[in-house]
Amino acid sequence: MKKLLLVLVVFLLLVGSSFAATLNLGMASEAVSLDPYYHNETATSSVLSNIFDTLIRFDADYNLVPGLATSWKALNDTTWEVKLRKGVTFHNGNPFNADDVIFSFDRVKNWERSGFKGKVTSIESFEKKDDYTVIFHTRGPYPLFPRKVTYVRILDKEFCADKSPELLGTSAMGTGPYSVVKWIKGASLTLASNQSYWAGVPEFEKVIFKTLSNDSTRVAAILSSEVDLINRVPVKDINRIKGSKNFIMKPGLRLIYLQMDHQREDSPYVTGKINPFADLRVRRAVNYAINENNIIKYLMNGFAKPAGQFQPNVVFGFDDNIKKVSYDPAKAKQLLTEAGYSDGFEVVLDAPNNRYINDEQIAQAIASDLAKVKIKVKVNAMPKSAYFPKVNSSDSSFNMLGWSNSDGDASSFLDACVHSYDPDKGYGRYNGGRYSNAEVDRLIEESDIMIDQEKRLILMKKAQKIALLDDQNIIPLHYQVDLYAYNNKITFKPRIDSHLYVFDMNKK
Amino acid sequence: MKIFENEIVSEFFEDKLAVAGVFLFIAFIFCALFPALLSPQNPYDLEQLFLENSFKAPFGEFLLGSDEQGRDILSAIMYGLRISLYVGVASTILSVLIGLIAGLVSGYFGGIVDTIIMRIADIQLSFPAILVALIIMALWGQGVTKIVIAITIVNWVYYARTARGVVLSEKEKDYAQSAKALGMNSIGIMFKEILPNIMAPIIVIATVRIANAIILEATLSFLGLGVPITEPSLGSLIANGYQVLFSGYWWGSVFPGIVLMSLVISINLIGDRLRDVMNPRLKR
């Protein structure tokens with residue numbers, strides 16, 4: 001009997017120690033693709049930040065720190081010299097050098113399906129000076145250069161040479177702290193540590209990103225210790241988790257907003273021949289009619305911050321003078337009457353149901369708010385895989401979106417979502433409502449090349465003021481708060497960009 | 001005491017359980033027909049929903065509690081009953097019609113017609129009913145009419161098979177043979193002579209299968225393929241409540257579940273009694 005017990009104890013210890021190095025993460029949302037240039041979206045970027053490195057990267061608090069570059073400096077207004085780290089290898093053993101950087105920037109700029117074109121439009125050309133030095137030429141003076149470089153994950157040129165885009169979407173070869181072992185789409189992504197990582201050996205040997213998109217399942221998984229950490233703790237379950245697990249919140253960068261069809265006279269999902277959203281008074285009325293404080297109080301359990309503009313106050317470009325309009329259904333009705341919609345109109349509100357915190361419920365609450373000013377809203381909620389292609393191709397009249405500011409600068413939203421849709425220049429890529437104002441476009445373009453940060457700030461504020469206050473191009477709802485729960489086996493500090501960067505996590 | 005003239009009806013009411021079932025069923029029908037009279041709120045009307053009423057516990061301001069959007073569960077159940085019953089009854093009537101005709105034709109004519117219809121039925125029966133309905137809903141999308149059609153497609157087979165079985169024995173009987181000898185045409189014989197004599201088993205099956213259709217609708221809605229939550233049926237209410245069931249808001253699923261269960265029990269009680277009184281072989 002004693003012998004048996006001893007064997008059992010030894011066995012358990014062995015099992016215990018071999019599993020201790022595995023980190024299980026329960027994720028609300030999985031990567032869309034493992035191709036780092038396909039889609040600019042947080043869930044995807046979060047996973048890829050573990051596999052790929054960038055030349056320059058952000059630390060947890062949004063300071064720029066060296067990645068695969070050791071130093072960068074502006075040689076003159078339009079030329080930057082970047083020195084590369086030596087002795088770095090990709091997961092397959094290929095050495096990293098300037099050729100890979102040139103290949104990566106070339107692909108991110110020129111691949112037709114690149115979702116990051118807009119991030120690098122101002123980088124005009126780049127050339128290899130020697131194996132570990134790259135020179136970048138920008139279109140004009142480009143103050144944002146180091147920030148924009150953080151978007152471009154470096155690919156292995158040799159690995160990518162003979163792979164189709166489809167194959168690159170499911171296999172990834174980077175220099176990051178973890179390499180891909182197996183991706184079962186919809187279920188899990190298994191990563192193994194990169195023992196020769198340039199910044200040190202990662203603490204966890206194996207990391208499994210489990211896709212647990214159902215809220216109850218994800219909560220059950222952390223409560224039963226099936227996973228060590230979950231993101232997007234459902235706000236209604238916080239009290240259950242608080243008792244037994246660590247719980248941490250971090251004010252996020254993600255703006256949740258409503259986008260309306262500005263362009264078409266006959267919008268596809270509005271009943272009637274005339275698009276009511278073309279009328280500024282209607283857009284303003286919608287803004288007044290939504291009781292955001294109630295949404296935050298009752299649907300989010302208080303875990304969100306009301307948004308009155310494009311970005312929260314930690315972002316460069318935030319304007320203290322813009323205040324959120326307060327809920328005023330009487331004013332909304334009056335504006336609708338002035339616009340000739342005293343009897344309202346009918347419209348479909350498209351929303352995802354597995355992307356943002358309580359997304360479908362928020363959409364339904366908005367529908368019931370708008371019903372009180374006679375706008376009949378039918379909520380069409382769908383999974384994000386169907387939703388984003390639909391909205392990005394403007395196959396929608398009214399929709400709910402989120403935008404996570406990923407470089408700490410207001411230009412992120414202005415360039416992609418406010419500037420007129422202009423694929424050639426790489427502007428307005430996510431401007432699905434096709435809002436367009438020449439003055440705003442000019443201000444944005446000017447701010448993008450303004451070296452003087454004071455003047456830049458003025459230009460960006462002015463652009464936001466016209467787009468938001470004068471034109472009501474979108475309706476800001478709230479900024480999300482990131483909520484995580486984790487067990488006592490790990491130490492964890494959330495990043496402001498919501499990425500789960502495992503290299504920064506430690507065993508306890 | 002002889003309240004009822006009809007022998008079958010009076011015999012039916014001799015069983016207390018069946019009487020309870022009838023009363024329960026009538027109560028449900030009443031709720032479903034006049035939800036606006038009884039319910040405190042119209043859950044279809046977004047103007048009546050207020051987030052301030054989100055997740056109110058039962059037995060307070062809202063008798064059976066409220067959901068996330070401030071929708072009264074009791075009202076939602078009454079309106080939900082309407083859709084559930086409508087789907088159950090409408091799909092049963094449709095499938096009885098289709099099934100009867102198919103069964104009559106198949107049994108009466110036999111031969112190649114019989115083979116074709118019965119093989120189609122066999123193929124369909126070899127798939128689980130829920131799978132067939134799921135495929136149809138996935139192809140067509142959501143909606144009350146679509147769910148009725150989907151359930152009809154699933155259910156007609158049962159009536160067709162039963163009808164055919166009875167027709168096979170009935171058509172050999174003297175009355176049918178003499179009608180034929182008198183020169184009555186096939187359609188006349190089928191519908192005027194044979195049909196009245198095969199109705200008893202069909203009625204019994206139909207009662208039981210109404211309950212089945214209601215459950216199928218609830219299952220589809222629970223899986224998210226039935227009616228949208230803005231037009232709640234019992235199944236979609238249960239599904240909606242299930243999302244927060246483990247967060248302590250149990251009432252969203254439990255109350256619609258109890259109502260669904262009672263509805264099915266009441267129909268089954270009626271169905272069981274009907275089978276007893278309409279089947280001469282079971283008579284004492």
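Reminder, nothing fancy here: chain letters follow the sequence lines and each chain counts from 1. Computed from a predicted model, the values in this text were never measured in an experiment.
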(request) Taking atom NZ of Lys297(A) as the centre, report whether more than 12 heavy atoms of other residues, nucleotides or ligands fall under 6.0 Å from it. (result) no
(request) Below 4.5 Å from any heavy atom of chain B, which atoms of Val373(A) appear? Answer side chain, backbone, both or neither. (result) neither
(request) Under 4.5 Å heavy-atom distance to chain A, tell me which part of Glu68(B) shows up: side chain, backbone, both or neither. (result) both
(message) Can you tell me which of Asn291(A), Leu299(A), Asn358(A) forms the most heavy-atom pairs within a distance under 4.5 Å of chain B?
(response) Leu299(A)
(message) Taking every non-hydrogen pair under 4.5 Å, which of Asn53(B), Asp45(B), Leu49(B) racks up the most with chain A?
(response) Leu49(B)
(request) Before accepting this row, confirm whether a basic side-chain N of the pair Glu47(B)/Lys374(A) lies closer than 4.0 Å to the acidic partner's carboxylate O. (result) yes
(request) For side-chain hydrogen bond (donor to acceptor under 3.5 Å, both in side chains), just list the numbers for Asp215(A) and Gln243(B), CA-CA rounded to whole Å, side-chain angles, deciding distance to a tenth of an Å, and then say yes or no. (result) CA-CA 8 Å; Asp215(A) 283 350; Gln243(B) 293 173 2; over 6 Å; no
(request) With sequence neighbours excluded, give me every side-chain hydrogen bond (donor to acceptor under 3.5 Å, both in side chains) pair touching residues 117-141 of chain B. (result) Arg119(B)-Asp122(B), Asp122(B)-Arg161(B), Gln124(B)-Trp156(B)
(message) If you compare all heavy atoms of Ala365(A) against all heavy atoms of Leu51(B), which two are closest, and at what distance to 0.1 Å?
(response) CB-CD1, 3.8 Å
(message) For a quick test of reading the model, state the closest non-hydrogen atom pair linking Tyr249(B) to Lys236(A) and the distance between them.
(response) CE1-CB, 4.2 Å
(request) Count the heavy-atom pairs under 4.5 Å between each of Ala381(A), Ala371(A), Ala220(A) and chain B, then report the option with the highest count. (result) Ala371(A)
(request) Would you please name every residue forming a salt bridge (Lys or Arg N to Asp or Glu O under 4.0 Å) with Arg281(A), sequence neighbours left out? (result) Asp279(A)
(request) Establish, yes or no, whether the cationic atom of Lys372(A) lies under 6.0 Å from the six-membered ring centre of Phe50(B) and within 45° of the ring axis. (result) yes
(message) Using heavy-atom distances under 4.5 Å, tell me whether Ile295(A) contacts chain B through its side chain, its backbone, both, or neither.
(response) both
(request) Name all residues meeting the salt bridge (Lys or Arg N to Asp or Glu O under 4.0 Å) criterion together with Asp261(A); count only those two or more places apart in sequence or in a different chain, and write none if there are none. (result) Arg264(A)
(message) Counting only non-hydrogen atoms closer than 4.5 Å, can you tell me which residues of residues 325-338 of chain A sit against chain B?
(response) none
(request) Verify, without hydrogens or angle tests, whether Gln361(A) (side chain) and Gln69(B) (backbone) share a donor-acceptor contact under 3.5 angstrom. (result) no
